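To start, the structure under review is shown below, and the notes come after it.
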Amino acid sequence: MTPSTRPLAIVTGASSGIGYELAKLCAQNGHDLVIAADTASIQSAAQDFRDLGASVEAVEADLSTTDGVDRLVAAARGRPVAVLMANAGHGLGHGFLDQDFAQARHVVDTNITGTIYLIQTVGREMRGRGEGRILITGSIAGFMPGSFQAVYNGTKAFINSFSFALRNELKDTGVTVTDLMPGATETEFFDRADLEDTKVGQAKKDDPAMVAKIGWDAMMKGEGDVVSGWKNKLQSAIANVTPADMLAEQHRKMAEPGSGRA
Ligand SMILES: NC(=O)c1ccc[n+]([C@@H]2O[C@H](COP(=O)([O-])OP(=O)(O)OC[C@H]3O[C@@H](n4cnc5c(N)ncnc54)[C@H](OP(=O)(O)O)[C@@H]3O)[C@@H](O)[C@H]2O)c1
């Protein structure tokens, strides 16, 4: 088989939601794909992207583990990575003391440990070549203490901060880092985090295709960060000048179990 001349993109969490739409944009814009998620649903997503003309390797791996990340990177078979979209992540509702610790740890290990291990592994290869684009899915949740999603919001505060720091470290290397910070988006996130009976879980949310396109455009322009949507821009601007205890109280109203209508 002749080796592909298309650039390669790695997209994590591409089986649904924002990651699915990000991977679709990569395929539509001429990239081959290595995609990953931790369940078999990644295989049907892979078929969708093949139908768009991409050559696709789909990896089922738990990206909270370094082994899972190693398996994902191995699936690129040494091809240079033009685009890395470190998007996989999940939340966890309920009060922290009522959460199962293994589940809370899985949030940290997926959203932080696996994410930064992947970025370090692929980022070194990009820096060696002097080119590459990295998009990380942070969140406006990183601007506010997340009562009843405390661990998740903490991980996104980490990611937002990490993204800016890494971008600065890489500023003269040809590698760009873009932090996509969505607000509440219509994906499987809220169901998976057991937040469906909360106000935020039941609120109208952004379209994941729109969010992904905003991230894609910002990444292609080499921008440092982008908050998707004007309402979220306003919310994050207000969060920057609001005392943390007030933000925590506001978050309680959105995320406390039973705060929704149902
Ligand atoms: N939805 C929102 O309101 C919102 C707002 C701001 C930021 N975000 C961020 O956006 C990113 C994508 O989330 P989404 O909203 O699109 O939710 P989603 O529809 O639940 O998609 C999450 C994706 O990540 C994968 N994933 C989660 N944990 C994984 C693990 N340990 N190993 C491998 N794959 C894993 C899931 O795969 P499986 O289905 O196979 O588990 C799925 O493909 C996350 O980082 C999330 O924090 C979401």
Side-chain angles (χ1 to χ4, degrees), residues 10-24 34-46 48 58-72 85-93 102-119 135-144 146 149 151-160 162-163 179-196 198 200-212 214-215 225-229 231-232 235-236 254-255:
I10 294 181
V11 185
T12 67
S15 63
S16 67
I18 299 166
Y20 177 90
E21 299 295 339
L22 287 169
K24 192 166 155 189
V34 175
I35 55 174
D38 57 359
T39 58
S41 55
I42 197 66
Q43 302 299 345
S44 63
D48 294 348
V59 181
E60 280 174 54
D62 183 353
L63 299 175
S64 72
T65 67
T66 53
D67 283 356
V69 173
D70 286 339
R71 284 207 292 116
L72 166 62
M85 295 181 152
N87 164 81
H90 68 95
L92 186 63
Q103 286 185 27
R105 181 177 180 165
H106 198 263
V107 175
V108 175
D109 288 344
T110 301
N111 299 6
I112 298 181
T113 314
T115 297
I116 64 170
Y117 179 57
L118 173 65
I119 290 169
L135 178 139
I136 314 177
T137 307
S139 174
I140 66 164
F143 295 128
M144 48 197 120
Q149 259 250 92
V151 173
Y152 173 77
N153 283 40
T155 65
K156 291 299 175 176
F158 178 103
I159 287 298
N160 291 349
F162 171 82
S163 180
D179 183 12
L180 168 61
M181 293 184 275
T185 306
E186 200 59 65
T187 68
E188 292 173 21
F189 178 91
F190 294 91
D191 180 39
R192 182 167 182 165
D194 199 13
L195 285 161
E196 293 285 30
T198 65
V200 64
Q202 293 172 8
K204 185 168 170 2
K205 300 182 190 59
D206 292 334
D207 170 19
M210 180 273 287
V211 171
I214 287 170
D225 66 306
V226 62
V227 173
S228 55
K231 272 191 196 156
N232 299 322
Q235 200 180 339
S236 55
M254 293 192 297

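Since we're looking at a predicted model, the values are computed, not measured. Atoms within each ligand, like the ligands themselves, are counted from 1 in listed order.
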Considering only heavy atoms from C-beta outward, does the side chain of Asp38 approach that of Thr110 to under 4.5 Å? no

Do Ile42 and Val59 make a side-chain contact, defined as non-hydrogen atoms from C-beta onward lying under 4.5 Å apart? no

Modelled atom types, side-chain donor and acceptor of Thr187 and Thr185, under 3.5 Å: no

Identify, chain by chain and in numerical order, each protein residue with a heavy atom under 4.0 Å from an atom of ligand 1. Gly13, Ala14, Ser15, Ser16, Gly17, Ile18, Ala37, Asp38, Thr39, Ala61, Asp62, Leu63, Ser64, Asn87, Ala88, Gly89, His90, His106, Thr110, Thr137, Gly138, Ser139, Tyr152, Lys156, Pro182, Gly183, Ala184, Thr185, Thr187, Glu188, Phe189, Phe190, Arg192

Decide whether a cation-pi geometry holds between Lys205 and Phe190; the criteria are a distance under 6.0 Å from NZ or CZ to the six-membered ring centre and an angle within 45° of the ring axis. yes

Which pairs pass side chain to side chain donor-acceptor pair (under 3.5 Å) with one or both residues in residues 63-72, sequence neighbours excluded? Asp62-Ser64, Ser64-His106, Asp70-Tyr117

Locate the shortest heavy-atom distance separating Ala88 from Leu63; write the atom from each residue and the value. CB-CD1, 4.1 Å

